[in-house]
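Scroll down for the structure; my scribbles are underneath it.
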Amino acid sequence: MKEFAVFWGCTIPARFPFIEKSVRVMFDDLGAQIHELPGHTCCPEGTLVKANDPDSFFTAAARNLAIVEKAGWDLVTPCNGCYSTFKECQSHLKTHWRERDTINDRLATEDLHYDGTLQVVHFAEWLSEHMGPGLIASKAKKPFWGMNIAVHYGCHLLRPQPAVKWDDPLHPTKVEAIVTALGATVVDYPTKMQCCGGYLDRVGEREGSLAFNRRKLYDLQNHQVDALITVCPSCFQQFDLNQAALQRANEPIHIPVLYLSELIGLAYGHSPDELGMDMHRVSVQPFLDKWEARSVEKSRLAQDFDVSLLNKCDTCRACKDDCPVCKVDPKFDPCDMIGQLVSGEIDEVLDDPNVWKCLECYTCLEMCHSDIGMAETFRKLKELAIVRGSRPDSIPQSYEMFMTTGTLGKPKEGARKKLGLGPLPPTGGDAVKKLMGCDAVIAACDSEGEE
């Protein structure tokens, strides 16, 4: 499904044209051909119009769909409200056939007919089901590594069933799968499935609307979220526009809000200016600044580690239960240290004495179902810590002894003689010194010690 009619609805073109721009950019990048059909009206809005006149609600919705059917396309919309209206219309008129016949009698005056056979898809659903997270991720030029992102679905993308049957109405995961595929860490949070509350603004309940907004935004802030992703213009309005109102009231809150298509556009290399993100009421600059910094940190980490394997380790963490050091030393948590690495805290890990507690016993490797383990990561960390000068004093002392004598200890000749053991043959220490240029190495060690 790469060629279809698009239904923008009223809110996006009227209030958030930058959302329309990012969706168009995203469709282009993914090779979709969209058709914009003349004659459409408001979907119409579900609650307000339907409460006044259900007959007008279903007639207008069926007319909009009949226009698409006549053109011979299926339909994709980037608006939860439009999606919900059309899905409800399809479900209702499928069973209420007398009502459908009445509506079709009216539509006949425009040479239109509603069959209900077209496929109506939300753009997030199209991304998930028709493109797939893997294909979406394959086109990303700059993933969101190390960024903590939360998702808000919006009620009308998921409910009511059985009219809408895309994702679990109470425990959805499909938008998160797309965000994860783009390299971000998805943050779960207690108020994830709470309604945005924006509808209360429409019926004059301003304080109630802000209370919904405040509760969710503070929850996100407590979970150290870098950005909130929405797929609904009404939800975007609530969390961006009304968050700005809270900020003007000196509430200490700042959660950048991005439409899913904006996130994809950024990952695909489009600039914030091209996507019109300066039109957001809540600045996205902190998100962009951190994203840039994390990209630099990832490049640094990638010089010494396989970042994808580190991420896999950080996600799994199963081998902590197998680590013998963890069983006796509660201060040693190798999984947390891996987590620090993928969070960009490289210097902090290298300065942590706990790096040296890994026994390199390879129990983790033997028990790892992915054949990764953490021992090799800690071996590399020790190597980098020495270069940085963060190591126990015994490390350079032992190294110097080896480079000088070729051994880490002199034989106890007296004890050996008492046990009837003869002298050992000469060691190869001189050969090692000659091979490795030990004088220069020792001088370097001495110089480091003086510093």
>> Pair Arg215, Thr191 - check side chain to side chain donor-acceptor pair (under 3.5 Å), show working.
In response: CA-CA 8 Å; Arg215 182 167 183 260; Thr191 59; 5.8 Å; no
>> side-chain contact (heavy atoms from CB on, under 4.5 Å), that's the test. Do Phe236 and His280 meet it? Break it down for me.
In response: CA-CA 10 Å; Phe236 180 89; His280 290 210; 3.7 Å; yes
>> One pair to check against salt bridge (Lys or Arg N to Asp or Glu O under 4.0 Å): Asp29 and Lys139. What are the steps and the verdict?
In response: CA-CA 8 Å; Asp29 288 342; Lys139 296 179 179 294; over 6 Å; no
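Nearest heavy atom pair, residue Cys358 against residue Ala375, reads SG-CA, 4.3 Å. Nearest approach of Gly276 to Phe18, heavy atoms of both residues: O-CB, 3.6 Å. Minimum interatomic distance between Leu266 and Phe144 (heavy atoms only, all atoms of both residues): CB-CZ, 3.9 Å. Nearest heavy atoms, His223 versus Pro190: CE1-CD, 3.4 Å.
Every residue two or more places apart in sequence or in another chain that forms a side-chain hydrogen bond (donor to acceptor under 3.5 Å, both in side chains) with Glu3 is listed here: His35. Partners of Ser390 by side-chain hydrogen bond (donor to acceptor under 3.5 Å, both in side chains), not counting sequence neighbours, listed by chain and number: Asp351. By the side-chain hydrogen bond (donor to acceptor under 3.5 Å, both in side chains) test, Asp226 pairs with Lys290, sequence neighbours left out.
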Could you tabulate the donor-acceptor pairs under 3.5 Å formed by side-chain atoms of residues 319-327, not counting sequence neighbours?
from	atom 1	to	atom 2	distance (Å)
Lys320	NZ	Asp333	OD2	3.0
Lys327	NZ	Asp321	O	2.8

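The salt bridge (charged side-chain N to carboxylate O under 4.0 Å, His left out) analysis of residues 64-80, with sequence neighbours excluded, yields the pairs Lys70-Asp111. Listed by first and then second residue, the salt bridge (charged side-chain N to carboxylate O under 4.0 Å, His left out) pairs involving residues 83-100 are Lys50-Glu88 (not counting sequence neighbours).
In this structure, a donor-acceptor pair under 3.5 Å is absent between the side chains of Gln238 and His152. Between Trp8 and Glu36, the side chains place a donor N or O and an acceptor N or O closer than 3.5 Å (distance only, hydrogens not considered). For the residue pair Thr41 and Arg63, no side-chain donor N or O sits within less than 3.5 Å of a side-chain acceptor on the partner.
Using a 4.0 Å cut-off between charged side-chain N and carboxylate O, Lys312 and Asp306 make no salt bridge.
Within a 6.0 Å sphere centred on CZ of Arg281, heavy atoms belonging to other residues, nucleotides or ligands number 12 at most. The 12-atom threshold is exceeded at CE of Met193, counting heavy atoms of other residues, nucleotides or ligands nearer than 6.0 Å. The local environment of NZ in Lys142 is crowded, with over 12 non-hydrogen atoms from other residues, nucleotides or ligands closer than 6.0 Å.
A ring-centre distance under 6.0 Å is not found for Phe58 and Tyr114. The aromatic ring centroids of Phe7 and Phe86 lie less than 6.0 Å from each other.
With respect to Phe27, the ring-ring contact (aromatic ring centres under 6.0 Å, His included) criterion is satisfied by exactly one of Tyr268, Phe4, Phe123: Phe4.
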